[in-house]
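For reference, the structure discussed in these notes is given below.
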Amino acid sequence: MKNTIRQVFHSPKFVGGFVIFVAILLTMFIYPLFNPGNPLQQIGVGTFAKPGTYVSLYDATKTTPETFRLPEADENRLAASLSDEDRVAMVEYFTAMGIDISDLDTGDTDTLLQMWEDNYDPSVRPKGMTGARVNYFKRLNNSLQDLKGGDTIIIAEEGEDGALVESKSISTTDYVRTGAVANVKTLPLGTDNFGRDVLKELVSATGTSIGIGLLAGIVATLIGLTFGLLAGYLGGFVDDFIMFITNIFTVIPGFVLLILISYSIGQEQRGAAVVATVIGLTGWTWTARSVRSQVISLRNRDHVNLSKLSGHSLLRIILTDILPYIASYVVMAFILQVSSGILAEAQLSLLGLGPRTTEVPTLGLMMNWAMLYSAHTNGSWWAYFPVILVITLISFSLNLMNTGLDQVFNPTLRD
Amino acid sequence: MNEPVRVQKDFTNAPLCLSGKGVTKVFGFGDKKTVAVDHVDFEFHEGEFVSIVGESGSGKTTLSKMLLGLSNATEGEIFFQGKPRDISSGHKKKEYWKGIQAIFQDPFSSFNTFQKIDTVLLDCINMRGGKGLSKQEKFNMMSDACHFVNLEFKELTNKYPFELSGGQMQRLMIARIFLLKPKILLADEPTSMVDACSRATILDMLLNLRDEIGMTVIFITHDIGLAYYISDSVYIMEHGKFVEYGKADEVILHPQAAYTKRLISDVPKIHEEWDLSTVDLHA
Ligand SMILES: Nc1ncnc2c1ncn2[C@@H]1O[C@H](COP(=O)(O)OP(=O)(O)O)[C@@H](O)[C@H]1O
Ligand SMILES: [Mg+2]
């Protein structure tokens, strides 16, 4: 027994999978300590804020600034404020003016602005250009001049007599340290469609999904194991009866059954635990089948016969003479059940038949929300891609552990 | 050099211990039908050492499973101590197994590899109603049993059966029988998978045990020379049928069936004293 465990932990595949899985589990437990609170709290009013660090503008203006004269400051400011749309418009203007732009890179802000400086002439109206378009270019030019001009921003407050009084002026060379600003929020994965912190939600969802996988795995393994043991060991009528039920469950595709049951339970009753149980209830058949065939090959072994001759009860024979021999196999089946349980929840939730949405996030629900709010078409990758990555990582680590175990327990597979 | 002394007794008048009428076992059906044991009759007496001899595949193990009550006969009836054997319930089976025990062919698959040797022996004491005995009493019983088969119990505690050699495991099996003291011991080729050295020791131990407990031994073997050496009576089995049976001397020294003659001629040389080459195979 000890020896087997040592062997298992010498299998690189098992250890690889185990490390990834434990890392995921640890994150699940440790991250909430640093970022406590309800993962479903809506912190943003808008949807899909991009990943990054957010500095409170209000608090920043109240923070005492330092003055820095950084050489690239103007350029950076210009580059940041020049939208892709503006860049395309500038190219359009150059073309209309008949300027050679064959080697112009629209991403190169410096050259682009230099060319604009050299070629823009408000008095000329290029051939075929509408008046509205000409005005658009005028506005674009003005805003560029403003940005370069190094104006100050003036903050005014209402004075005693109701008139606005300048309270503070902010120049382009004023800087505040992020640490000195009262409110800074880092959202490594931005916010989702409801304005929730995606990372926080993801960590919580991972926990729930692994929980669902474990519960589904336990239910499926317990049912499959019990049925497989009884059918295989007792044979005869019991075997026929259990195999009849197993066949019924096998003939109806598991996922269809899962959809039907989930649908008939109704949105209100579908908590995470209920969904997990339903997944387990529809996924036990192959465990039962394979346990049964293993038991059939075991039940006529001499050590079982010896145990019978020693007058041991049915229960004792199953528990001590059969179960230990298939334990490694059951562990592997369990790991696969957990993995497929997590995937089943994701599939169900994508169809809108997952756990009811108000209590806890799950990986499937996060994907469902991202899809409903078109995250995949509006470029908000952070709302669904990390979820897919986590599902993949969990499946990958569990399957890797399983392959490792398989190689230890069935050495003939080893190369 | 001690010459083994072969003592044969006549048990024809001893009370019946296990007997059968028309016992048959059929596996499969249709094209795949195998008649492994075909309407055999037998009478084993109390205290007798009986050998069932046959080639591999002749149905010996199948018959032994039926005798042990581990599988049901397709046809025929088995009598235990003269009365029809009733093992229809779990409780009755348990009672029957107090009277009949077995040693199997392959010692390496006979033990549960997850159970310690202590458990194996303790189970035997419990089965004989020794649950209430003190620790010391149980320890003494297990030590005695191990002593009988030349093992040291102190060295075996907390060990697993697979840590022993094949010969030691078969001896442990005999220690089990020593504790259980059944009426009948069925030994299915107990020496065919152990080294030649252990073979003679194990056979001697079986004979000693028979004398000590006074039980019936049903010894299954493919080796007619071995059967001649240790049995009181032999049954020769060919293709599921008993082609010949009787007292060991009568059957082996004056074989009637062609099959028996072939088995005997296949034995190279058993022992100088009982050199079977002198047997007239053409009688
Ligand atoms: N469980 C079984 N199913 C089908 N055929 C069997 C089974 N057990 C034994 N047999 C067949 O019965 C015959 C006798 O086998 P067995 O009793 O093991 O012979 P022996 O012990 O004399 O070598 C063989 O032909 C074997 O193939
Ligand atoms: Mg055999």
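Reminder, nothing fancy here: chain letters follow the sequence lines and each chain counts from 1.
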Inset, instruction - If a pair satisfies salt bridge (Lys or Arg N to Asp or Glu O under 4.0 Å) and one of its residues is in residues 215-230 of chain A, list it, with sequence neighbours excluded. - result: none
Inset, instruction - Enumerate the residue pairs fulfilling salt bridge (Lys or Arg N to Asp or Glu O under 4.0 Å) with a member in residues 222-242 of chain A, sequence neighbours excluded, ordered by first and then second residue. - result: A:D239-A:R292
Can you give each donor-acceptor pair under 3.5 Å made by side-chain atoms of residues 12-24 of chain A, sequence neighbours left out, with the distance rounded to 0.1 Å?
none

Legend entry - For the student: nearest non-hydrogen atoms of B:M127 and A:L309, plus distance: CE-O, 3.1 Å
Inset, instruction - Check whether more than 12 heavy atoms from other residues, nucleotides or ligands sit under 6.0 Å from atom OH of A:Y31, and answer yes or no. - result: yes
Inset, instruction - Using a cut-off of 6.0 Å, state whether more than 12 heavy atoms not belonging to B:F162 lie near its atom CZ. - result: yes
Show me the donor-acceptor pairs under 3.5 Å between chain A and chain B.
from: A:H303; atom 1: N; to: B:S109; atom 2: O; distance (Å): 3.1
from: A:L309; atom 1: O; to: B:Q101; atom 2: NE2; distance (Å): 2.9
from: A:S310; atom 1: OG; to: B:R176; atom 2: NH2; distance (Å): 2.9
from: A:H312; atom 1: NE2; to: B:D123; atom 2: OD2; distance (Å): 3.0
from: A:R316; atom 1: NH1; to: B:D123; atom 2: OD1; distance (Å): 3.4
from: A:R316; atom 1: NH2; to: B:D123; atom 2: OD2; distance (Å): 2.9
from: A:T320; atom 1: O; to: B:N112; atom 2: ND2; distance (Å): 2.7
from: A:D321; atom 1: OD1; to: B:N112; atom 2: ND2; distance (Å): 2.7
from: A:Y325; atom 1: OH; to: B:T113; atom 2: N; distance (Å): 2.8
from: A:Y325; atom 1: OH; to: B:T113; atom 2: OG1; distance (Å): 3.0

